[in-house]
Amino acid sequence: MSALTILIAWMIEVAMGWPDTVYRRIRHPVVWMGALISWLDTRLNDDSRANWLRALTGAFTTLLVISVSWMLVAFLLGLLPAGPARVIIAAVIAASLLASRSLYQHVVAVAQALSTLSLSDAREAVAHIVGRDPSQLDDAGVARAAIESLAENTSDGVIAPVFWGVVLGVPGLAAYKAINTLDSMIGHRNARYEYFGKFAARLDDAANWIPARLTGALFALAGRARAWSTMWRDAGQHRSPNAGWPEAAMAGALGVRLSGPRHYGAHVNDEPWLNADAEDPDAQGIDRALMLYVRAMLIAAAVLAVIAALSVAR
């Protein structure tokens, strides 16, 4: 019944998201995970320790957070008798760990700001969905950042949770979300997290390997034929072993170039272009990316519905 539960969860998330009133009262499961990660980071990530010990304590932190996330959800669901009520409650829990609605809303905000020629507002809006410094981005840079974030987060925030929820149930979805949160918080290649966050970063790469390629395929199916060739040609050039697949497919489907040099504070990463011969996107390019996103998600939902129907019929 995992597929049916995840399908219901996705419908709830698309319809409601995570309401502000609920957030103000109890925050969000990812915030709870983040608080646990921060607490462990503060107490275990000691830069006076040997690198091998920091790597070991980082692996312990990663496994502990994943285990707590898995077991808490499994415990809550285990308290409920089998039946429709358990499916609905499981779906509500799973819905809190999906992000298709919020992702769409954040990218729409960037497109709206750019379309009104407010670069400062567009930079502020895109800062909510990217890790780079947006203060030096021009119109094309903001548009590229928004579309790249839409592509990558479709994999991390939608397809990967749905995939692992179907494969491992709602506890598995919670475990994946813990992995992804760990990577975003401690999976950085800097002095503090190079060793402490290494295991989390590698585990995140592994957990996203299949979903990233599925996401690229969905964008290609929802787009045009060139998306396939661009994805196969350029995905491997990306700095990430996974993000290049949805981003390259998105670039090919829209006929724009993505990635390229980017600023992280005072540091500039000289990244290669994806679909390098194409033009830069603009605000209309973000709108087209959002339409492609919706079509791809409808295809994914249709596939999930078929899987759910087959699982129920067995």
Side-chain angles (χ1 to χ4, degrees), residues 1-37 39 62-106 153-185 204 207-208 210-211 214 297-314:
M1 299 294 287
S2 292
L4 177 60
T5 301
I6 300 304
L7 179 62
I8 296 171
W10 201 356
M11 294 169 63
I12 294 171
E13 189 270 333
V14 169
M16 300 178 57
W18 189 252
D20 289 340
T21 53
V22 177
Y23 183 86
R24 286 194 295 269
R25 287 179 179 274
I26 63 172
R27 297 303 181 188
H28 187 276
V30 172
V31 176
W32 309 339
M33 293 176 186
L36 177 58
I37 295 166
W39 186 83
T62 299
L63 294 174
L64 179 61
V65 173
I66 295 169
S67 299
V68 168
S69 301
W70 178 297
M71 290 188 294
L72 180 59
V73 172
F75 174 75
L76 290 174
L77 296 181
L79 295 176
L80 302 171
R86 180 176 180 177
V87 172
I88 295 301
I89 292 174
V92 170
I93 295 172
S96 71
L97 302 173
L98 301 174
S100 58
R101 180 187 176 98
S102 62
L103 175 59
Y104 182 90
Q105 291 172 330
H106 278 105
N153 284 304
T154 299
S155 177
D156 294 357
V158 186
I159 299 303
V162 167
F163 174 82
W164 288 113
V166 171
V167 173
L168 297 175
V170 180
L173 193 166
Y176 167 77
K177 203 64 180 180
I179 293 170
N180 194 238
T181 306
L182 281 155
D183 179 65
S184 67
M185 293 184 66
D204 183 74
N208 283 295
I210 295 175
L214 288 176
M297 295 305 93
L298 288 173
I299 294 172
V303 172
L304 180 58
V306 171
I307 296 172
L310 293 174
S311 67
V312 170
R314 284 192 301 181

Would you call I179 and T62 a side-chain contact if the rule is heavy atoms closer than 4.5 Å?
-> no
Do the side-chain N and O atoms of W10 and S100 include a donor-acceptor pair separated by under 3.5 angstrom?
-> yes
Just how far is it from atom CG of L97 to atom OG of S69, taken to the nearest 0.5 Å?
-> 9.0 Å
Which heavy atom of G165 sits nearest a heavy atom of S2, and at what distance?
-> O-CB, 3.6 Å
For the residue pair L173 and Y176, establish whether any side-chain heavy-atom pair is separated by less than 4.5 Å.
-> no
Report yes or no: does H28 contribute a side-chain atom to a donor-acceptor pair with the main-chain N or O of W18 at less than 3.5 Å?
-> no
Rounded distance [0.5 Å steps], CD1 in I210 versus OG in S155 | 11.0 Å
I would like to know whether L304 and V166 meet side-chain contact (heavy atoms from CB on, under 4.5 Å); could you show each step before the answer?
-> CA-CA 9 Å; L304 180 58; V166 171; 3.6 Å; yes
pair M297-I159: side-chain heavy atoms closer than 4.5 Å = yes
Minimum heavy-atom distance R86-L77, with the two atoms named | NE-O, 3.4 Å
Polar side-chain atom of W32 near backbone of I26 as donor-acceptor pair, under 3.5 Å = yes
Looking only at atom types and distance, does a side-chain atom of W164 sit under 3.5 Å from a main-chain N or O of P211, one as donor and one as acceptor?
-> no
Please tell me if the side chains of V14 and Y104 come closer than 4.5 Å, counting only heavy atoms from C-beta onward.
-> no
Value for CZ (R101) from NE2 (H106), rounded to nearest 0.5 Å, stands at 12.0 Å
Going through the distances and angles, do D204 and L182 end up as a side-chain contact (heavy atoms from CB on, under 4.5 Å)?
-> CA-CA 8 Å; D204 183 74; L182 281 155; over 6 Å; no
Between K177 and D156, which heavy-atom pair has the shortest distance, and what is it?
-> NZ-O, 4.4 Å
Closest approach of V170 to A90 (non-hydrogen atoms, all atoms of both residues) = CG2-O, 3.8 Å
